[in-house]
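Single-structure report; data block below.
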Amino acid sequence: MRLVILESPFAGKTPEDVERNVAYARRCVRDSLLRNEAPVASHLLYTQPGILDDTVPAERQHGIDAGLAWRSVAQASVVYVDHGISKGMEYGIAAAKKAGLPVEYRSLEKF
């Protein structure tokens with residue numbers, strides 16, 4: 001299996017936006033798994049209740065940086081773009097490129 005960092009939007013202007021983005025991210029994880037990849041989707045893990053609060057800027061940044069720490073073992077960064085590219089995703093893309101990690105852009109046909 002190929003180790004990848006998965007990028008998709010998380011934050012939103014409303015709780016409904018976040019809910020939509022979480023559902024989308026889950027579908028992206030499934031897509032990645034079905035491609036015989038082992039994805040790390042830190043935005044789904046670290047934002048669970050009792051872990052980090054995405055609405056607190058320092059905690060949000062800490063979660064983003066913790067997820068990106070996996071780039072030292074990852075073989076690629078995969079970016080799902082159906083819902084656009086968020087600022088957090090831009091940060092991850094830039095970090096991957098700076099580390100020389102390949103960045104692949106993907107779209108799901110149906111959500």
Side-chain angles (χ1 to χ4, degrees):
M1 284 191 168
R2 188 166 80 133
L3 305 175
V4 299
I5 296 173
L6 190 144
E7 297 279 357
S8 69
F10 179 81
K13 294 179 182 177
T14 68
E16 292 79 17
D17 290 343
V18 174
E19 190 175 303
R20 178 193 72 148
N21 288 340
V22 167
Y24 174 69
R26 289 179 177 149
R27 288 187 293 272
C28 295
V29 168
R30 176 177 169 76
D31 179 72
S32 179
L33 287 165
L34 293 176
R35 293 172 185 249
N36 200 35
E37 295 172 338
V40 170
S42 60
H43 54 303
L44 290 180
L45 173 62
Y46 300 147
T47 57
Q48 292 181 62
I51 300 178
L52 293 175
D53 184 344
D54 196 63
T55 64
V56 176
E59 290 191 24
R60 175 177 170 77
Q61 188 63 49
H62 188 77
I64 289 170
D65 291 338
L68 294 177
W70 286 94
R71 70 182 170 263
S72 65
V73 295
Q75 295 164 296
S77 178
V78 295
V79 181
Y80 286 84
V81 299
D82 298 288
H83 292 219
I85 296 178
S86 67
K87 290 185 182 194
M89 292 168 68
E90 287 175 354
Y91 182 85
I93 292 165
K97 288 180 177 179
K98 184 176 179 182
L101 194 64
V103 177
E104 300 173 17
Y105 296 89
R106 297 182 179 168
S107 177
L108 299 178
E109 291 182 37
K110 301 279 181 194
F111 335 98

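- Note: I51 CD1 to S42 OG = 11.0 Å, rounded to the nearest 0.5 Å.
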Between R35 and E104, is the salt bridge (Lys or Arg N to Asp or Glu O under 4.0 Å) condition met? List the steps.
CA-CA 13 Å; R35 293 172 185 249; E104 300 173 17; 5.9 Å; no
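- Surrounding CZ of R2 are more than 12 heavy atoms belonging to other residues, nucleotides or ligands, all under 6.0 Å away.
- Residues V4 and S32 are in side-chain contact: their nearest non-hydrogen atoms beyond the backbone lie under 4.5 Å apart.
- Residues E7 and S77 have side chains in contact (heavy-atom distance under 4.5 Å, counting atoms from C-beta outward).
- If you take CD1 on I93 and CG on L68, they are separated by 10.5 Å, rounding to the nearest 0.5 Å.
- Side-chain contact between H62 and Y46 is absent, with no heavy atoms from C-beta onward closer than 4.5 Å.
- Closest non-hydrogen pair, S8 versus M89, comes out as C-SD, 3.3 Å.
- Side chains of V29 and Y80 form no contact here, defined as non-hydrogen atoms less than 4.5 Å apart.
- D31 is not listed as a side-chain neighbour of R27, based on a closest heavy-atom distance of 4.5 Å or more.
- Taken from CZ in R20 to OG1 in T14, the straight-line distance is 8.5 Å, to the nearest 0.5 Å.
- Remark: side-chain polar atoms of Q75 are paired, donor with acceptor, to backbone N or O of L3 under 3.5 angstrom.
- Proximity of a side-chain donor or acceptor of Y24 to a complementary backbone N or O of D82 within less than 3.5 Å is detected.
- Clustering ILVMFWY residues whenever any of their side-chain heavy atoms sit less than 4.5 angstrom apart, transitively, puts L45 in the very cluster that holds V73.
- Criterion: ILVMFWY side-chain heavy atoms under 4.5 Å apart, direct or through other members. Under it, V22 and L33 are part of a common hydrophobic cluster.
- The two residues A96 and V103 come nearest to each other via the heavy atoms CB-CG2, 3.8 Å.
- Closest of all the heavy-atom pairs between V18 and A11 is CG2-C, 4.2 Å.
- Crowding of Q61 atom CD: a count of heavy atoms from other residues, nucleotides or ligands under 6.0 Å exceeding 12.
- Taking CZ from R60 and OG1 from T55, the interatomic distance works out to 10.0 Å, rounded to the nearest 0.5 Å.
- Closest non-hydrogen pair, A74 versus I5, comes out as CB-CG1, 3.9 Å.
- When every heavy atom of L44 is checked against every heavy atom of A25, the shortest pair comes out as CD2-CB, 3.7 Å.
- Within the 4.5 Å cutoff, the side chain of C28 has heavy atoms near those of the L108 side chain.
- A single hydrophobic cluster is not seen to contain both L52 and V56; linkage of ILVMFWY side chains at heavy-atom distances under 4.5 Å, directly or through other members, places them apart.
- Between F10 and H43, the ring-plane angle classifies as perpendicular under the 30° and 60° cut-offs.
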